[in-house]
Every structure is written in structure tokens, then in C-alpha cells.
Amino acid sequence: LQAAVTALHRMQEAGYSIDATTQAAVASAYRALGSDILVQRQSLDALPSADSLTSTLIANALMQLAIDAGDAENVILFTHLFDPGRLQIPHTFRPGRTITGIVGKAVPLHSRPQPSNRLRLPSLVRPIAPDAASFTILLNYMAQRQDILSASSLVEQMLFAGVEPDNRVAAALIRVYFSVGDYAAAVHIYSQACHNHPSASVSLSRIAFLPAVPRSLIWTNLRPTVELGNALARGLLDIGGLEGFRLALEIMQASDIVLNSDTIFIIISYLESVEHQPPGDIIRTLRYISDSFDHTTLKQLHVILRSILRRERQSITRSGWNATPPPSSRKSSKVTAGDKVFDPAAGIEFEKHRSLLKPILQSLASRGVRSDRPMVHLRMQHEGVTKGDLNEARRIFQLMLDRGMYPNKYHYAALMEGHALAGDLPAAQSVLDAAIKAGVQPTVVHYTILVNGYAVFFAFSISDFL
């Protein structure tokens with residue numbers, strides 16, 4: 001953030017004013033730092049003076065920020081910036097006053113603190129025209145929500161508005177169809193990109209799905225790209241495991257697609273979260289697929305460190321709602337952390353796997369890669385949950401704020417869980433209230449932390465009484 005602020009100052013010193021195009025760039029880049037109400041307001045204020053292309057870029061960036069924050073109300077609000085004759089939030093979309101974990105499994109809200117910041121849309125001379133990216137953003141959102149009805153409505157609106165669907169739209173639709181179990185439709189979209197790749201079509205024919213129902217969207221200029229291939233790989237991995245992923249790689253290779261960092265992230269994430277492979281095996285898989293660590297990404301490092309820290313946590317603490325050990329019984333951690341070298345791993349250091357991790361960390365450091373919000377969350381969880389050092393967890397939380405990054409639901413959950421494990425349930429509740437006041441939408445996870453905490457408290461209280 002500081003480097004970006006410095007660049008803006010230098011731009012002004014050189015005689016260039018901050019205009020709508022600058023706000024569009026800031027809003028787009030701010031996604032990595034989190035949802036900032038001031039950035040959103042400044043972006044909205046810039047819209048009346050922006051040209052049509054810049055206006056669309058700003059509106060798209062605002063929608064994406066709201067989606068990332070889990071703020072369905074602002075997603076709806078920002079769609080009102082667009083020409084209603086071209087893009088509207090589908091009438092089937094139901095955000096609801098609920099806290100949701102999985103779509104369809106919701107817990108109604110009753111009374112809880114509400115965020116005080118509210119945004120107002122500016123008066124525009126002309127509504128904003130959506131582009132393919134606008135529909136892609138919303139289609140990916142509907143894939144997350146498993147909302148096929150709203151996704152279908154968006155496709156119809158896109159066609160009516162005369163927006164040409166591109167490969168990004170196709171990839172988003174593949175994700176939508178996989179998310180709702182319409183595997184044949186997802187594979188059918190990819191197959192339409194393979195007219196000039198007969199060997200890929202042969203591999204696709206091995207997927208034993210029912211024939212796809214004809215859709216209104218006919219792809220005329222679809223070509224196999226790595227984004228399409230990754231969407232297919234993610235879907236086949238979810239339903240077919242490693243065999244499904246191998247088939248996806250075969251199809252991608254037959255389509256002349258070169259794997260990228262996202263492809264590697266997909267497979268190592270699966271190995272970590274589903275196959276529960278040891279960190280060393282994940283690192284070796286990363287090395288095997290990518291040939292070297294020269295282009296390792298921070299997202300890939302997240303997966304490795306998450307695996308290491310999860311095993312560390314399991315070795316120190318017991319599992320189960322009624323198995324929380326008192327702080328005095330915690331085992332010592334073999335993972336150390338400090339601020340001497342905070343980037344790129346948020347100061348986390350390891351005794352084990354040090355030699356395997358060294359070239360990855362060196363590669364990221366040589367490219368000036370800094371710790372991001374997910375990495376800070378891992379550090380906070382290690383300090384507050386695994387080690388039970390809530391003072392250090394809060395210090396890291398403040399350090400993140402000082403770096404210009406905004407906390408999300410995961411950071412607040414780490415603090416809540418740490419307080420709940422320490423038996424300080426009022427503090428855990430206060431963290432939740434602070435999160436809501438900051439505009440973070442609570443999920444089932446946050447309330448489960450409280451429920452488990454009170455269950456442990458009452459279990460210990462009853463045992464003491466007996």
C-alpha cells in the first residue's frame with residue numbers, strides 16, 4: 001500500500017491529477033487489500049466525470065469488492081449502476097437476512113449490531129453499459145452460491161444486451177454447471193472449443209455423462225484457453241478425484257494448453273484439503289509439476305503452510321468440542337514466528353521442512369512478494385489458536401491494519417476461536433460485534449465458535465459441580 005501511495009504522490013508532483021481513470025485503477029487493485037469504504041466512496045464520486053469504459057471498470061471493481069466481502073446487499077446496490085435494460089440483478093436472487101455457510105443451509109438472523117457505513121449511488125447522466133467482465137463477475141458469484149436460475153437469467157440478459165460472450169464467460173458458466181451438478185452441460189461448453197483439436201474431443205468422449213441439453217448460448221469463437229482448462233480441471237477433480245484431474249490434464253495437453261500457476265494451485269489444494277497429503281509430498285508435487293520454484297506464487301505457499309500449521313495444531317491440541325485442553329497443558333510448538341523477516345510468510349519459520357521450503361521462500365523474496373491477508377490469517381491462527389498467545393495474535397492483526405490490509409471473516413474467526421479456547425467468551429462475542437460493525441458478514445463458522453465455547457464452558461461447570 002505504501003508503495004502505491006508514494007506512486008500517487010509522485011504522479012501529482014509531476015503535474016498529473018487524480019481522475020476517474022486513477023480511481024478505476026485503485027478500485028481494481030484494492031481487491032488484494034480488502035474492502036475499504038473510502039475507496040468505494042471515492043470511486044462512486046468519480047463516476048459522473050468518467051467516460052463509458054472507465055465507468056464500467058469502476059462498477060465492475062466495486063461489484064467484485066462486494067462479492068469478496070460477502071456483502072450481497074452491496075452487490076445488488078452496485079448492479080443498479082448499470083443500464084437496467086442491459087443488466088439487472090435477477091429476480092431469483094435471494095440474499096436474505098441470513099448467515100450462510102453452504103448455500104441452502106442458512107441460520108436466520110434476529111438482532112445483531114449493524115455496520116454503520118452506507119453507500120449512496122451518484123446521479124449519472126447515463127447509466128453504465130455492462131461488458132463481458134460484468135457478466136463474468138456475476139456468473140462466478142452465482143457459481144459460488146450454486147444459483148443456476150440467476151445464472152441462466154444473466155446469460156439471457158447478456159444475449160439481449162448484445163454483449164459477446166468470451167472465454168471468461170465460458171469458464172464462469174463451466175463453474176456454474178459443475179456447482180449445480182450439471183456436469184454434461186459443463187463438459188459440453190469445453191467441447192465446443194475443441195473443434196480443431198480432435199484428440200481432445202476423443203478424450204472428452206471418455207467422460208460418461210448424459211448428453212447435454214441444448215442451450216440458448218451458441219459459442220462461435222470459443223478457443224481452448226488455460227482458464228477454460230482450469231475450470232474443467234477443477235470440476236473433474238471435485239467429482240472424480242485424482243483420476244478426474246489426470247483426465248483433465250490429458251484434455252488440456254491435447255488442446256495445446258500450457259499449465260499455469262492456477263492449475264498447480266488447484267491440484268495442491270486438493271492434495272492438502274481432501275487427500276491430506278503431508279507437506280513434504282505437496283512440496284515435491286509442486287516441484288514436479290512446475291519443474292522449478294522460480295515462479296512459485298504466494299497462493300501456492302498458502303497451501304503448503306496451511307498443511308504444516310494444521311498438522312502442528314493437531315499435534316498440540318485435541319479435537320472435539322469437549323476436548324479443549326487448559327492453556328497450561330499445551331505442548332510446545334515446533335513452529336516459530338517473529339518479525340525479523342516478516343515477508344513473504346508473515347514471519348512464520350519452521351524447523352521441519354526448512355530445506356524444502358527454502359528455495360520457495362527465496363524465490364518469492366527475490367521478487368519482492370509481501371505477505372498478504374491469507375498469510376497473515378495463518379500467522380494469527382498459529383499465535384491465537386495453536387499457541388494461545390492472543391496478545392501476539394492481536395499485534396499481528398494491528399500490523400496487518402498498519403500495512404493497509406483490511407481484515408475479513410477469517411481474521412476475526414481466528415481471534416474469536418483463540419478467545420473461546422481460552423474460555424473468554426465475552427471477548428469472543430466482542431470480536432464478532434466488532435467484525436459486524438466493520439461490515440464483515442458473519443457466517444455459520446463464527447456462531448459455531450461461540451456455541452462450542454459455551455458448550456465447553458457448561459460441560460466444565462457441570463463436571464465441577466458434580
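Excluded from the calculations below are hydrogen atoms, water molecules and symmetry mates; all remaining heavy atoms, backbone and side chain alike, are included.
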Got a list of side-chain donor-acceptor pairs under 3.5 Å for residues 75-83, not counting sequence neighbours?
residue	atom	partner	partner atom	Å
Thr79	OG1	Ile76	O	2.5
Asp83	OD1	Gly85	N	2.9

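- Residue pairs meeting the ring-ring contact (aromatic ring centres under 6.0 Å, His included) criterion with at least one member in residues 56-75: none, sequence neighbours excluded.
- By the ring pair (Phe, Tyr, Trp, His ring centres under 6.0 Å) test, Phe93 pairs with Tyr141, sequence neighbours left out.
- Atoms CD and NE2, on Glu312 and His382 in that order, are 6.0 Å from each other to the nearest 0.5 Å.
- Applying the side chain to side chain contact (heavy atoms under 4.5 Å, CB included) test to Asp256 and every residue at least two apart in sequence or in another chain returns His197.
- Applying the side-chain hydrogen bond (donor to acceptor under 3.5 Å, both in side chains) test to His353 and every residue at least two apart in sequence or in another chain returns nothing.
- With sequence neighbours excluded, the residues forming a side chain to side chain contact (heavy atoms under 4.5 Å, CB included) with Leu401 are Phe397, Gln398, Pro407, listed by chain and number.
- Other residues, nucleotides and ligands contribute at most 12 non-hydrogen atoms within 6.0 Å of the CD atom of Gln253.
- The structure places CG of Asp131 at 11.5 Å from CE of Met158, a figure rounded to the nearest 0.5 Å.
- Evaluation of the side chain to side chain donor-acceptor pair (under 3.5 Å) test over residues 237-247, restricted to residues two or more places apart or in two chains, returns Arg234-Asp238, Glu243-Arg246.
- Looking at residues two or more places apart in sequence or on another chain, you find a side chain to side chain contact (heavy atoms under 4.5 Å, CB included) between Ser49 and Ala20.
- Residue pairs satisfying the ring-ring contact (aromatic ring centres under 6.0 Å, His included) criterion with at least one member in residues 37-68, sequence neighbours excluded, are absent.
- Under the side chain to side chain contact (heavy atoms under 4.5 Å, CB included) test applied with Thr136, the options Asn140, Leu138, Leu139 reduce to a single match, Asn140.
- With rounding to the nearest 0.5 Å, the separation of CD1 in Ile283 from CG in Leu356 is 4.5 Å.
- With sequence neighbours excluded, no residue forms a side-chain hydrogen bond (donor to acceptor under 3.5 Å, both in side chains) with Asn221.
- Not counting sequence neighbours, Phe265 has no partner by the ring pair (Phe, Tyr, Trp, His ring centres under 6.0 Å) test.
- Distance CZ/Arg379 to OG1/Thr386: 12.0 Å, rounded to 0.5 Å.
- The aromatic rings of Phe178 and Tyr183 lie tilted to each other, with the angle between the two planes from 30° to 60°.
- Applying the side chain to side chain contact (heavy atoms under 4.5 Å, CB included) test to Ser153 and every residue at least two apart in sequence or in another chain returns Pro90, Gln157.
- With rounding to the nearest 0.5 Å, the separation of CG in Leu62 from CD1 in Ile67 is 11.0 Å.
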